[in-house]
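Quantities reported herein were computed from a predicted structural model and do not represent experimental measurements.
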Amino acid sequence: MNYQAKLFFMDRVPKEMYGAVRKYQEKFQVCFNTLTYFPQSLLNELHQKATDSVELPSNLVIASLKEQSILEDVQILSRIANKPHLCTSDRELYLNTLKCIYKKLPYQPTELAVKQDTLCVGIEREGQILATALQCLPVGRSLKPHAKRIPYDGGILVGLSSISKINMYSRCLIIDGAIASGSTLISLINELRSVSSSFHIYSAHSTLEGLLAIYSYFKNSNLDIHIVVGDASGNLNKKYYAVDSKAVKQLVVGDLGDTIAPISS
């Protein structure tokens with residue numbers, strides 16, 4: 001199996017792909033610089049080994065395995081994510097719960113963010129919002145790229161905005177809200193691997209499939225990758241959203257950006 005997703009610069013994107021991408025650029029008022037295509041066959045291959053009984057590599061940390069109060073926090077996120085309509089107090093509770101999960105992580109991103117040889121990245125939208133709240137976007141060595149996943153032909157396209165030329169760093173810290181398929185982070189790491197060979201990823205939630213997809217994709221590379229998440233639960237549905245393992249119509253955390261962006265602008 002060829003584990004490489006296909007990269008397109010926007011001036012070389014096939015016409016049928018551009019049609020799928022255009023509405024996302026218009027909706028979020030962003031111009032993508034590149035598209036990375038993950039066909040369904042590649043995603044299936046990356047996700048197939050994700051089972052509850054899998055032994056996690058030491059560089060993948062799930063905090064809820066030891067700090068079980070995080071499971072209660074995720075239940076709050078799930079309850080809000082499945083509401084048909086959200087009020088401001090729902091959105092505020094959701095954001096505060098995400099922050100609460102981050103405070104319970106065994107390794108804190110701020111410990112890396114304060115180091116001058118760390119490049120700090122907050123993915124728009126929820127990653128940037130959380131990174132700002134955590135004071136992990138220092139002036140002069142931080143990025144806030146747009147990274148949007150777009151459904152296409154049973155697989156995923158990931159649109160990345162342009163990242164300006166930057167110096168080399170000892171490590172790259174990436175703050176995210178939730179990891180679903182893992183495709184967004186894979187695309188971002190590929191974009192930044194010329195800047196650093198060490199990546200430290202933090203997220204409030206992940207699917208097990210997403211965690212292992214990132215690990216599998218870069219397993220035989222020369223990159224040093226560490227991932228810390230609050231909890232890993234649920235399964236990916238056909239649209240690559242995290243849903244409850246027993247109630248497949250129930251979202252685990254939903255769309256974080258849509259939920260917290262209205263109160264964070």
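What you find for L130 and G177 is that their closest heavy atoms are CD1-CA, 3.9 Å. The two atoms that bring V195 and N167 nearest to each other are CG1-O, 3.2 Å, heavy atoms only. Between V252 and G234, the closest heavy-atom pair is CG2-CA, 4.0 Å. A pairwise comparison of heavy atoms in S221 and F218 identifies OG-O, 2.7 Å as the closest pair. Between D231 and S64 the shortest heavy-atom distance is OD1-OG, 2.6 Å. Between G122 and P145, the shortest heavy-atom contact is O-CD, 3.9 Å.
Remark: side-chain polar atoms of Y240 are not paired, donor with acceptor, to backbone N or O of P151 under 3.5 angstrom. Although no hydrogens or angles enter the test, the distance criterion places no donor-acceptor pair under 3.5 Å between the side chain of N33 and the main chain of L160.
Within the structure, side chain to side chain donor-acceptor pair (under 3.5 Å) contacts touching residues 133-155 (residues at least two apart or in different chains) do not occur. Screening residues 98-124 for side chain to side chain donor-acceptor pair (under 3.5 Å), with sequence neighbours left out, gives S69-K104, D73-K104, D117-S170, D117-R171, T118-R171.
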side-chain hydrogen bond (donor to acceptor under 3.5 Å, both in side chains), that's the test. Do S41 and E45 meet it? Break it down for me.
CA-CA 6 Å; S41 57; E45 183 74 13; over 6 Å; no
Before giving the answer on side-chain hydrogen bond (donor to acceptor under 3.5 Å, both in side chains), spell out for D224 and S198 the whole-Å C-alpha distance, their side-chain angles and the decisive distance to 0.1 Å.
CA-CA 5 Å; D224 175 41; S198 181; 3.2 Å; yes
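For the pair H205/L77, no side-chain contact is recorded, criterion being any heavy-atom separation below 4.5 Å from C-beta on. Looking at heavy atoms from C-beta onward, R79 lies in side-chain contact with L93 at the 4.5 angstrom threshold.
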